Amino acid sequence: MFEQFYAEGEKAMEAAGARIGAALEWKGIVYLDGDLGAGKTTLSRGLIRAKGHQGAVKSPTFTLVEPYEFPGGAIYHFDLYRLLDPEELEFLGIRDYFTPDSLCLIEWPEKGKGVLPSPDLTITIATQGAGRYLSIEGQSAHGVAACQKFYNNRSGATS
């Protein structure tokens, strides 16, 4: 399943992130594609805060991963922009993050090609005017079901 929509402004991006997290039931693997400054971290921030995180949500550009622990599971926000070789992920113990109770948000997934598991969703973000154009593609049965839930609840975005 492949869907597209336009989100104008930071609040709309955060709202989209919240809806994506809920649609995924806070579990799965999400690849986030887009240029620098496209809004990948803004989308992630909305998702993480909607789950209940009260503190800052920063881009894990230098740490590669920021964990957010919640009752019943965790959200792991990865930024692989500075990764030089996908094999570096093995030294991080990358496979330990991908559990049935976790949600993994991965910025710059192409940097981990060959090591990362397949995504449930791929979200591509492109700047357009004052907002962002998002393309969301379900890559697994879980991802397709999340796409359907997401698009059945369209408040906060325009098509």
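Note that the numbering runs from 1 along the sequence shown for the chain. Bear in mind the structure is a predicted one, so any value in this text is a computation, not a measurement.
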| said: Please verify the inter-ring angle class for Phe5 with Tyr151; under 30° counts as parallel, over 60° as perpendicular, anything in between as tilted. | reply: perpendicular

Can you give each donor-acceptor pair under 3.5 Å made by side-chain atoms of residues 47-55, sequence neighbours left out, with the distance rounded to 0.1 Å?
unit_1: His53; atom_1: NE2; unit_2: Gly55; atom_2: N; d: 3.4
unit_1: His53; atom_1: NE2; unit_2: Gly55; atom_2: O; d: 3.4
unit_1: His53; atom_1: NE2; unit_2: Ala56; atom_2: O; d: 3.1
unit_1: Gln54; atom_1: NE2; unit_2: Gly52; atom_2: O; d: 3.3

| query | Hey, what do you get for CD (Glu87) to CG (Leu92), rounding to the nearest 0.5 Å? | reply | 12.0 Å

| field | Side-chain donor or acceptor of Arg132 paired with backbone N/O of Thr127 under 3.5 Å | value | no

| Can you tell me how far the CZ atom of Arg45 sits from the NZ atom of Lys40, to the nearest 0.5 Å? | 13.0 Å

| request: Would you give the length of the straight line joining atom CG of Leu80 to atom CG of Leu116, rounded to the nearest 0.5 angstrom? | output: 6.0 Å

| said: Can you give me the closest heavy-atom contact between Ala23 and Lys149, atom names plus distance? | reply: O-CD, 3.5 Å

| request: With sequence neighbours excluded, give me every salt bridge (Lys or Arg N to Asp or Glu O under 4.0 Å) pair touching residues 99-116. | output: none

| Heavy atoms, side chains only, cut-off 4.5 Å: are Glu90 and Arg95 in contact? | yes

| message | Is the shortest side-chain heavy-atom distance between Glu14 and Leu43 below 4.5 Å? | response | no

| Straight-line distance of Ser140 OG to Leu121 CG, nearest 0.5 Å | 7.0 Å

| said: Check for me, please, whether Ile29 and Leu134 land in the same ILVMFWY cluster - side-chain distances under 4.5 Å, paths through other members count. | reply: no

| request: Measure centre to centre between the rings of Tyr31 and Phe78, then say whether the value is under 6.0 Å. | output: no

| task | May I ask whether Tyr97 and Phe70 are part of the same hydrophobic cluster, defined by side-chain heavy atoms of I, L, V, M, F, W, Y residues being less than 4.5 angstrom apart, directly or through others? | result | no

| request: Check whether Tyr81 and Val30 end up in the same hydrophobic cluster, where Ile, Leu, Val, Met, Phe, Trp and Tyr are linked by side-chain heavy atoms less than 4.5 Å apart. | output: no

| request: Kindly indicate whether the side chain of Ile94, heavy atoms from C-beta on, has any atom under 4.5 Å from the side chain of Val115. | output: yes

| What heavy-atom pair brings Pro100 and Lys27 nearest, and what distance separates the two atoms? | O-CD, 3.4 Å

| message | What's the separation between atom NE2 in His142 and atom CG in Leu24, rounded to the nearest 0.5 Å? | response | 4.5 Å

| message | Measuring only between side-chain heavy atoms, which start at C-beta, is Gln139 closer than 4.5 Å to Asp120? | response | no

| Going only through I, L, V, M, F, W and Y residues with side-chain contacts under 4.5 Å, is there a path from Ile136 to Ile106? | no

| note | Scanning both residues in full, the closest heavy-atom pair of Ile125 with Ala38 reads CG2-O, 3.2 Å

| said: Let me check something: do Ile123 and Val57 share a hydrophobic cluster, defined by ILVMFWY side-chain heavy atoms less than 4.5 Å apart, either directly or through other members? | reply: yes

| message | Against Leu105, only a single residue in Ile75, Val65, Ile20 fulfils side-chain contact (heavy atoms from CB on, under 4.5 Å); can you say which? | response | Ile75

| message | Restricting to non-hydrogen atoms, name the atom on Met13 and the atom on Gly39 that form the minimum distance, rounded to 0.1 Å. | response | CE-O, 3.4 Å

| message | Please confirm whether the ring centroid of Tyr76 lies under 6.0 Å from the ring centroid of Tyr68. | response | no

| query | What's the spacing between Leu32 CG and Thr42 OG1 if we round to 0.5 Å? | reply | 11.0 Å

